[in-house]
Amino acid sequence: MFPLHALRRAMLAATSLLAVAFTASADRAEAQAKLEASYTISVARIPIGNVTASVEIGDGEYAVSMTGRASGVMRVLTSGEGTLTARGAVKDGRPVPESYVSTTTSDDDTLAVKMTFEDGSVKELTASAPPPSPDRVALTDAHRRNVVDPLTAVLVPAAEGGNGLSEAACQRTLPIFDGRRRYDLKLAFKRMDVAKADKGYKGYAGPIVVCAVAFQPLAGHRASSSLVNYLSEGREIEIAFAPLAGTRVLAPFRVSVANMLGNLVVQASRFEVVAPASLRASTTTGQVP
């Protein structure tokens, strides 16, 4: 993502910032939709990897999946890849995680995680042990309470009326536990902007809301971690959200991290809303969903 030693650490930041953000409306017709998105990861405008994401919002439930891959380019990133999935319920218009599974691999480490949640806290956890490190900050049971997984992390309700974009989308702190580390992402409103369609791009073009992001590590990380040090030194990080047509949902459209050697940008190259399989099947049989 920037000068890091492993894609796993980069994927921690990328998936946390890029993880699809959503909330469901009370209307069942609006609560069923699917986002299919692809993102290009680049540093100083040089492509170094890609991410694909899929989010399906059903009647009272959701499912998210994400895969990413990057290869060593000018030693900005080392080779690696990751696959992540999350499922949960939508309660009172708020996504509540129930399960999370991920496998991320870098040159020196593989992190495999299986988690289940109950009432906003981790109920069961299986995670591969981290490499030995004398400066790793200890995790406690308290760090597993009142948290969300990285894919359910950015829970951004769309505002009522219009395109659903508002300053309120950025006024929140995201308490994230990825199976090994506990950290907060603090969002703050920065500006309104416009997403423009580039050559070959498929999907949304129009207004977006841009949030500033501050990273705060709490536990499970190494105090000497390059990722922690990089993100904790007040670096300028932005995440832009776009509305999903036909829903009261916002999803990440672009992520950028300022860097003297060239900004890291994760930019949507496809951002399309399609009818989920359940809706297409019921339409084919003539049933009203």
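Because only heavy atoms are used, hydrogens play no part in the values below, and waters and symmetry mates are left out as well, while side chains stay in.
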| query | Is it true that Leu111 and Val101 fall in one hydrophobic cluster, defined by side-chain heavy atoms closer than 4.5 Å? | reply | no
| Pairwise side-chain contact, Asp193 with Glu238, heavy-atom cut-off 4.5 Å (strictly under) | no
| message | Using side-chain heavy atoms (C-beta onward) and a distance below 4.5 Å, is Pro217 in contact with Arg222? | response | no
| said: Val137 vs His143, test: side-chain contact (heavy atoms from CB on, under 4.5 Å). Steps then yes/no. | reply: CA-CA 11 Å; Val137 180; His143 292 124; over 6 Å; no
| task | Mark yes or no for whether Arg45, through its side chain, and Ser42, through its backbone, hold a donor-acceptor pair below 3.5 Å. | result | no
| Asp149 side chain to Tyr100 backbone, donor-acceptor under 3.5 Å | no
| query | Should Thr103 and Thr83 be marked as a side-chain hydrogen bond (donor to acceptor under 3.5 Å, both in side chains) after you check the CA-CA gap, both sets of side-chain angles, and the distance that decides it? | reply | CA-CA 5 Å; Thr103 301; Thr83 300; over 6 Å; no
| query | How far does CD of Glu98 sit from CD of Glu118, to the nearest 0.5 angstrom? | reply | 10.0 Å
| query | Which atom pair, heavy atoms only, marks the closest approach of Pro131 to Arg180? | reply | CD-NH1, 3.9 Å
| Are Val148 and Leu218 co-members of a hydrophobic cluster defined by side-chain heavy atoms under 4.5 Å apart? | no
| request: Begin with the C-alpha distance, continue with both residues' side-chain angles, and end with the deciding distance and a verdict on side-chain contact (heavy atoms from CB on, under 4.5 Å) for Ile208 and Arg254. | output: CA-CA 10 Å; Ile208 53 178; Arg254 182 182 66 242; 3.9 Å; yes
| message | Any heavy-atom pair between the side chains of Arg182 and Pro175 that's under 4.5 Å? | response | yes
| Taking the side chain from Ser128 and the backbone from Thr110, do they hold a donor-acceptor pair closer than 3.5 Å? | yes
| said: Do Pro243 and Leu165 make a side-chain contact, defined as non-hydrogen atoms from C-beta onward lying under 4.5 Å apart? | reply: yes
| Can you name the nearest heavy-atom pair linking Glu272 to Gly203, along with the distance? | CG-CA, 4.0 Å
| field | Donor-acceptor side-chain pairing of Tyr62 and Thr152 below 3.5 angstrom | value | yes
| field | Atom pair OG1/CE of Thr85 and Met66 - distance to nearest 0.5 Å | value | 11.5 Å
| field | Shortest non-hydrogen separation from Ser54 to Lys34 and the atoms involved | value | OG-CE, 3.2 Å
| Any donor and acceptor pair, going by atom type alone, linking the side chain of Ser38 with main-chain N or O of Arg270 inside 3.5 Å? | no
| Heavy-atom side-chain contact between Leu125 and Val113 under 4.5 Å | yes
| remark: Here the pair of heavy atoms bringing Lys190 nearest to Ala212 is CB-N, 4.0 Å
| message | Grouping I, L, V, M, F, W and Y whenever their side-chain heavy atoms are under 4.5 Å apart, do Tyr39 and Val265 come out in a common cluster? | response | no
| request: Identify the two heavy atoms, one from Phe189 and one from Cys170, that lie closest to each other, and give their separation to 0.1 Å. | output: N-CB, 3.3 Å
| query | Going by heavy atoms in the side chains, are Ile176 and Leu185 under 4.5 Å from each other? | reply | yes
| Is there a side-chain contact between Phe241 and Leu187, using heavy atoms and a 4.5 Å cut-off? | yes
| said: Do Glu236 and Asn263 make a side-chain contact, defined as non-hydrogen atoms from C-beta onward lying under 4.5 Å apart? | reply: no
| message | Please find the pair of heavy atoms, one from Val209 and one from Ser166, that lie closest to each other, and give the distance. | response | CG2-O, 3.6 Å
| query | Between Tyr183 and Phe215, what is the ring plane arrangement, given parallel below 30°, perpendicular above 60°, and tilted in between? | reply | tilted
| said: Under a 3.5 Å threshold, yes or no: a donor from one side chain and an acceptor from the other, between Asp135 and Ser133? | reply: yes
| field | side-chain contact (heavy atoms from CB on, under 4.5 Å) between Phe117 and Glu124, intermediate numbers included | value | CA-CA 7 Å; Phe117 294 82; Glu124 297 178 337; over 6 Å; no
| query | Do NZ/NE/NH1/NH2 and the carboxylate oxygens of Asp184 and Lys186 come within less than 4.0 Å? | reply | no
| field | Whether Ser121 side chain and Asn146 backbone form a donor-acceptor pair below 3.5 Å | value | yes
| task | Run the salt-bridge test on Lys202 and Glu36 with the 4.0 Å N-O cut-off and return the result as yes or no. | result | no
